[in-house]
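Reviewing the structure listed below.
Letters A, B, ... mirror the listed sequences (proteins, then strands); counts begin at 1.
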2 protein chains.
Amino acid sequence: MEEINSTPLRRSEQLGEEIEERIVTGVYPPGTRLDEQELAASFGVSRTPVREALIQLASAGLIDVRPRRSAIVPEMSAERLYEMFEVMAELEAMCGQLAARRIRPEELEQLQEAHRACEVARDAGDPDTYYQLNEVFHRRIYEASHNGFLAEQAMALHRRLRPYRRLQLRVRNRMSTSFSEHAEIVAAIVEGDGAKVADTLRAHVVMQGERFTDLVSTLREFNAGDNTSGGI
Amino acid sequence: MEEINSTPLRRSEQLGEEIEERIVTGVYPPGTRLDEQELAASFGVSRTPVREALIQLASAGLIDVRPRRSAIVPEMSAERLYEMFEVMAELEAMCGQLAARRIRPEELEQLQEAHRACEVARDAGDPDTYYQLNEVFHRRIYEASHNGFLAEQAMALHRRLRPYRRLQLRVRNRMSTSFSEHAEIVAAIVEGDGAKVADTLRAHVVMQGERFTDLVSTLREFNAGDNTSGGI
DNA sequence: TTAACGTGTCTTGTATACAATATTTCATTA
DNA sequence: TAATGAAATATTGTATACAAGACACGTTAA
């Protein structure tokens, strides 16, 4: 009896997650055509669950589907990406502000623990680990907002922006800067200064999105290999 | 210059919109089981497009689907609803703040026009018309934010909260109060005072969500619809 | 040579058939 | 009578078959 997954996912959900993972990690870079038959064959299922997975991803905004034409991984323009970071910054700020008021002692302890873990990764100069721990850190804040809907929205968008954020961590000193900002955020939460938490978080996220130079180079790296209709 | 729906919708998208409409207007009240065959029969199509529509709605959060069991219209708890209004308030505030900086003369003109239209509906004491014009008013602000992604997110959530907002307009004096608040908002935008716009909008939306008494009675009214397809 | 057009192939959209699981019903027993 | 359990039924999940629009390519004409 090694039933690990208590809620058996539908096939299409598993597929959706797998395809999303591939999009988000760049296996399917922007511009990739998602052929239903091809995907079906590669997953060893029929087209039906694949279609359902694609529809799911489409309504989450991860892919574009045009009627009677293959779904494609959209080429995000720098402008669009900046817009998304702008919204992300505000969601994070909101989470932080609420968290400053509502966080519980044990949650604060967990947040500080996540922060310390980031420090280790920074000292080790390991961007990949830092990236993962950074996710945990931010998720703790989302949860401490004690607004479940907000936390879901923040996580969804955070996930969508993953590939871009990930590459940015390799920019010079970004990891260090990020960690210092985290420290400020934690301090402000401890003080219970909601406005300060919000401002710091907003700046923290905007910093990732605002520098168009970095951003565009990120996009270049991403869109590399596809030189049609250069979406920047 | 708006595009005149150049892309013909897939059948499942039409179905999705229709079903969403029925959920949002209370034809399918919370708790309703959405039987695929039944829906297929009533729309005169096979189960396939119905399923695709349901999956779409599910990933938009409008319905719950549990594996091997019918999709249902979720009964939203007052807490959940409050959470959603809290997020809506912040999104609106953000739109307003950006709009104060970025709105263009012709957009300001359109906004003021929408505002004047609301006034007519208020004077006529017509909540249904007011409700529709109110949507236009808010949408103008979303668009004036010049952040397309934000505007999309705001519109999606606004739409999801429609039924609850709609019923609230019938609360005593709500229409009048709402209109006064709109006036403040427009004034602050004209002044270009982003912070004031944000605060006013936040209060405007929170007012709709924060009063638990009204909210819960709204929910009651909604959840009482377990009798057959009566519809609002 | 190039542009236009039509045919053929490919891919998506929908219907139907079948498989697997949840629900209901009804008989049986304490 | 209430609880239990197993068969019957109903409903979802997946596969396959067919229909219809999009794309590719080759042919023809200027």
Side-chain angles (χ1 to χ4, degrees), chain A residues 1-20 22-23 28 31-60 62-75 226-229, chain B residues 3-20 22-23 28 31-75 226 228-229:
Chain A
M1 266 279 200
E2 25 192 347
E3 179 86 16
I4 299 169
N5 227 348
S6 61
T7 46
L9 291 174
R10 283 200 312 281
R11 208 95 187 86
S12 67
E13 289 185 41
Q14 295 176 16
L15 293 178
E17 288 186 13
E18 179 57 31
I19 296 171
E20 178 176 348
R22 292 187 187 180
I23 292 171
Y28 297 152
T32 305
R33 271 174 37 108
L34 299 169
D35 183 288
E36 294 177 4
Q37 297 195 106
E38 212 172 294
L39 288 170
S42 84
F43 285 113
V45 297
S46 76
R47 272 177 52 219
T48 309
V50 171
R51 270 184 74 79
E52 298 190 346
L54 292 182
I55 288 165
Q56 232 176 321
L57 294 176
S59 71
L62 254 104
I63 63 176
D64 284 350
V65 294
R66 301 104 77 205
R68 294 277 173 198
R69 311 184 55 181
S70 300
I72 61 168
V73 181
E75 312 220 5
D226 165 276
N227 34 2
T228 63
S229 74
Chain B
E3 186 131 350
I4 311 174
N5 202 9
S6 61
T7 51
L9 292 174
R10 284 200 313 280
R11 204 94 189 82
S12 67
E13 287 186 42
Q14 295 176 16
L15 293 178
E17 288 187 11
E18 179 57 30
I19 296 171
E20 177 176 348
R22 292 187 186 181
I23 291 171
Y28 298 150
T32 304
R33 272 173 35 107
L34 298 169
D35 185 287
E36 295 177 2
Q37 299 195 107
E38 213 173 295
L39 287 171
S42 84
F43 285 113
V45 297
S46 78
R47 272 177 53 221
T48 309
V50 170
R51 270 185 75 78
E52 299 191 343
L54 292 181
I55 287 166
Q56 230 176 323
L57 294 176
S59 70
L62 253 104
I63 64 177
D64 284 349
V65 293
R66 300 150 311 172
R68 296 277 173 195
R69 308 184 58 180
S70 299
I72 61 169
V73 181
E75 313 222 3
D226 286 294
T228 54
S229 52

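- Checked against salt bridge (charged side-chain N to carboxylate O under 4.0 Å, His left out), B:E18 has the following partners two or more places apart in sequence or in another chain: B:R22.
- Side-chain contact between B:V50 and B:Q37: absent, with no pair of heavy atoms (C-beta onward) separated by less than 4.5 Å.
- Regarding B:E36, its CD atom lies at a distance of 16 Å from the C1' atom of C:dT23, rounded to whole Å.
- The CD atom of B:E13 sits 10.0 Å away from atom OG of A:S59, with the distance rounded to the nearest 0.5 Å.
- Whole-Å rounding puts the B:E13 CD to C:dT12 P distance at 15 Å.
- At whole-Å resolution of the value, CZ in B:R66 and P in D:dT12 are 11 Å apart.
- A sub-4.0 Å separation between OP1 or OP2 of D:dT12 and a side-chain N or O of B:S70 is present.
- At a non-hydrogen distance threshold of 4.0 Å, A:Q37, A:R47, A:R51 from residues 37-55 of chain A come into contact with DNA chain C.
- With rounding to whole Å, B:D64 atom CG is found 15 Å from D:dT12 atom P.
- A donor and an acceptor atom sit less than 3.5 Å apart, one in the side chain of B:R68 and one in the base of D:dT12.
- In this structure, CZ of A:R69 is placed 11 Å from P of C:dG13, rounded to the nearest angstrom.
- Take B:E20 and apply the side-chain hydrogen bond (donor to acceptor under 3.5 Å, both in side chains) test, not counting sequence neighbours, and it matches B:R159.
- Side-chain proximity of B:D35 to C:dT12, D:dT12, D:dC23: nearest is D:dT12.
- Taking atom CD1 on A:I63 and atom P on C:dT12, their separation rounds to 11 Å, with Å as the unit.
- Atom CG in B:L57 sits 8.5 Å away from atom CG in B:L34 (nearest 0.5 Å).
- Under the 4.5 Å side-chain criterion, counting only non-hydrogen atoms from C-beta, B:I63 is not in contact with B:I19.
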